[in-house]
2 protein chains.
Amino acid sequence: MTRTVVASATREIIIGFDQPFCVIGERINPTGRKKLAAEMVEGNFDTVRKDALEQVAAGATMLDVNAGVTAVDPNATEPALLVQTLQIVQELVDVPLSIDSSVSAAIEAALKVAKGRPLVNSVTGEMEKLEAILPLCKKYDVPVVAISNDETGISEDPDVRFAVAKKIVEHAADYGIKPEDIVVDPLVMPIGAMGTAGKQVFALLRRLREELKVNTTCGLSNISFGLPHRHGINAGFIPMVIGAGMTSAIMNPCRPQEMEAVRAANVLNGTDPDCMNWIRTYKDYQPNAAGAPASVSAAPAGRAGGRRGGREARLSRG
Amino acid sequence: MTRTVVASATREIIIGFDQPFCVIGERINPTGRKKLAAEMVEGNFDTVRKDALEQVAAGATMLDVNAGVTAVDPNATEPALLVQTLQIVQELVDVPLSIDSSVSAAIEAALKVAKGRPLVNSVTGEMEKLEAILPLCKKYDVPVVAISNDETGISEDPDVRFAVAKKIVEHAADYGIKPEDIVVDPLVMPIGAMGTAGKQVFALLRRLREELKVNTTCGLSNISFGLPHRHGINAGFIPMVIGAGMTSAIMNPCRPQEMEAVRAANVLNGTDPDCMNWIRTYKDYQPNAAGAPASVSAAPAGRAGGRRGGREARLSRG
């Protein structure tokens, strides 16, 4: 059984096929958030702290930490800023962290100060990346997200993306890194632009699980890019990828509809024993709360589902 | 490719792996609805009419019609009442119907007056049932729901349920009925009572699709029986069964959360070309409408998903 172990100073989490889906909170990331980027450059980490606490409160299993505030000479600024951000977050919350940077020096600087066993996010199939990141993963004994693109870019052909993932796993083995420490991102395309994007990724997830026996992750909200009511598409996608074998995702845990889909899929996938997490979260659920669990409710829990359908009656008759 | 054709007088629907999920509206069923049963006995079909119109308006692909108003001597009352109910419904709406009864004489009486190509609901693996229902299906050239239990009851062992389904398909072949006219119900157990119920049914659905090559259905809401916030479990279950190959379900189409899950899964499964149905339904969606598409909205559709996460930005950088 594939088990990717990640840890903070005080808490260990296992990513695996028999584990609850691992929600990696995506919000501590200034990419595309100009205000946050400006704050971080000024040394103001109020939003970072708020995002850390809110995501953990919302149910994040891990937090991604990215300090990519500029596209201009990130090598100069990102290592120190990523270290500072990481240290603030790991002092504040006790979930394991994902060190997210495209700058290898920033990843190494963060690994030096990170407590526990963080996840490195990420390596690709590009030779330069492999040779920069894999030795760090070996040296610090940490798992890594492997994104299935290489020098030729992101292929639209899922077979090519599988081959790139396989290449990364093989390269990692050359460095003495086991497949269980590679978390493959098969790359999710927007379904609005490519109608086969869903079926592609479901098929890829099965192959990654059955042939490479690796854990998997993705940037979840890509799937709904450009469509109206994106939360509805995301919330439908989550149970489908979990059913296909995906074991983690980089996503926004502060979205009730998406987190509800994660919790339901855990129940249905058999990783929420006795439905305890579901019952605890939704026992006082009020239908009009727009997806958010209500803290107080007058509705008895057993009535939340309303009238039962005919087939159910038939089962009890049978 | 397995194609189960059903039809009303004016409209043909195909149930199949490459088709949008077929939602069979469950509401016209007095089982467990004492008020409806009393009305129907009195010859009052106002609720039947209302349920028919509401379900079609909510997006039902087909409607199930059941007239089982009593457990006491149903043979005496059900044939005439089912005929009457069916005729009222088929005059009112143009979707194909499912003739739902445990009384064989009622099924035959309804088949005599049904327009188009209805679905018979249902046969089981019980010899007496097979010998009563399959000749009717052959005579009237109609497809049938095959429930995978037999004289020994409902097995908790999915291999036994698969074997019962296989037996029904083989018996049907003896009568000259093709597998494409058998829609197997693998039987969904409540996940609150049996933690493996989800994984069982996903595995069964794959076997039914790959080995027997049949379409499938289920009484969907059974899965969440006894749990709080049943709509959330149902809405997570729908994408998972669709991903596993289920092609229809007997369910309540008047539940916005469940129907949203069906529409999202159709998009992701590639059966909503260019996401047109999704876009048409949710282009003016307002997040605070508690799952229901709003008829009027001031929010531009493109903003419904809110801020985009980091991985998306990375994809566009890559």
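A, B, ... follow the sequence lines: proteins, then strands. Residue 1 opens every chain.
For B/Ala244, no part lies near chain A; criterion is any non-hydrogen pair under 4.5 Å. Residue B/Arg280 does not touch chain A at all, counting heavy-atom pairs closer than 4.5 Å. Using a 4.5 Å cut-off between heavy atoms, B/Phe202 touches chain A through its side chain atoms alone.
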Tabulate below the donor-acceptor pairs under 3.5 Å that side-chain atoms of residues 266-276 of chain A make, not counting sequence neighbours, or state none.
residue	atom	partner	partner atom	Å
A/Asn266	OD1	A/Phe21	N	3.0
A/Asn266	OD1	A/Thr271	OG1	3.3
A/Thr271	OG1	A/Asn266	O	3.4
A/Asp272	OD1	A/Met276	N	3.2
A/Asp272	OD1	A/Asn277	N	2.9
A/Asp272	OD2	A/Asn277	N	3.4
A/Asp272	OD2	A/Trp278	N	2.9

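At most 12 non-hydrogen atoms from other residues, nucleotides or ligands lie less than 6.0 angstrom from CD of A/Glu156.
Each of B/Ala197, B/Gly232, B/Ala235 has some count of heavy-atom pairs under 4.5 Å with chain A, and the biggest count is that of B/Gly232. Between chain A and the residues B/Gly195, B/Gly236, B/Ala261, B/Gly243, the most heavy-atom pairs under 4.5 angstrom are made by B/Gly236. With chain B as partner, the option from A/Ala265, A/Ala264, A/Pro239 having the largest number of non-hydrogen pairs under 4.5 angstrom is A/Pro239.
Not a single side-chain contact (heavy atoms from CB on, under 4.5 Å) links A/Glu128 to another residue, sequence neighbours left out.
In this pair, B/His229 and A/Tyr285 present their aromatic rings parallel. The plane angle is below 30°, not in the 30 to 60° band.
Of the inter-residue distances, the one linking B/Leu227 atom CG with A/Lys283 atom NZ reads 14.0 Å to the nearest 0.5 angstrom.
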